[in-house]
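The structure appears right after this line, and notes come after that.
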Amino acid sequence: MDRNTVSIEKNLSCDDFQAQVEDVLIRHRSILDIITKLDEYTSRINRAVIKSVTYCGCIEIHATRQDYNRESLEEIKNNMQNHVKGNLCPSCKEILEEEIGAYLFYLSALCNALDINLSDSLLKEYRNMKTLGIFSLK
Ligand SMILES: [Zn+2]
């Protein structure tokens with residue numbers, strides 16, 4: 001795949017992705033299969049993160065209590081830790097990208113089964129974030 005093709009694909013829209021899922025999904029079309037596949041890929045994503053720590057070792061998790069004892073939400077935000085040390089190696093990153101992609105596939109399939117537009121959901125969440133900012137408290 002040449003660089004130009006990758007660049008064009010980087011502009012892939014949610015609508016195009018969702019339409020493509022609609023076109024190719026055959027075997028797991030039942031909503032029962034879709035929601036259990038979503039569960040499966042949530043587990044596979046979590047498993048891939050853990051294997052990056054316990055098998056590969058490219059990342060480590062050093063978890064401690066979060067510090068909420070600050071004056072403002074801004075200060076709290078700036079002092080929250082994700083507890084990840086290091087960076088994913090190319091191999092672990094590729095695995096996680098595949099698992100996340102499969103998750104997005106089944107999330108799109110769920111949207112198709114229930115006549116929900118993925119872009120609308122994304123846009124609603126985006127507007128909510130823009131309106132509430134750090135006060136969304138997520
Ligand atoms: Zn790794």
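Counting convention: from 1, in listed order, for ligands and their atoms alike.
Residues R29 and E22 are paired through a salt bridge, judged by an N-O separation under 4.0 Å between the basic side chain and the carboxylate.
A donor-acceptor pair is defined here as one N or O able to donate and one able to accept, closer than 3.5 Å; no such pair exists between the side chain of D67 and the backbone of I76. When atom types are taken as modelled, the side chain of Q66 and the backbone of Q81 share a donor-acceptor pair closer than 3.5 angstrom.
Residues L118 and M129 fall into different hydrophobic clusters, defined by Ile, Leu, Val, Met, Phe, Trp and Tyr side chains chained together at heavy-atom separations under 4.5 Å. Y41 and L32 fall into different hydrophobic clusters, where Ile, Leu, Val, Met, Phe, Trp and Tyr side chains are chained together by heavy-atom contacts under 4.5 Å.
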*Could you go step by step and tell me if I61 and K85 meet the side chain to side chain contact (heavy atoms under 4.5 Å, CB included) rule?*
CA-CA 6 Å; I61 298 171; K85 304 292 181 215; over 6 Å; no

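Protein N/O/S atoms nearer than 2.8 Å to the Zn ion (ligand 1) total 4.
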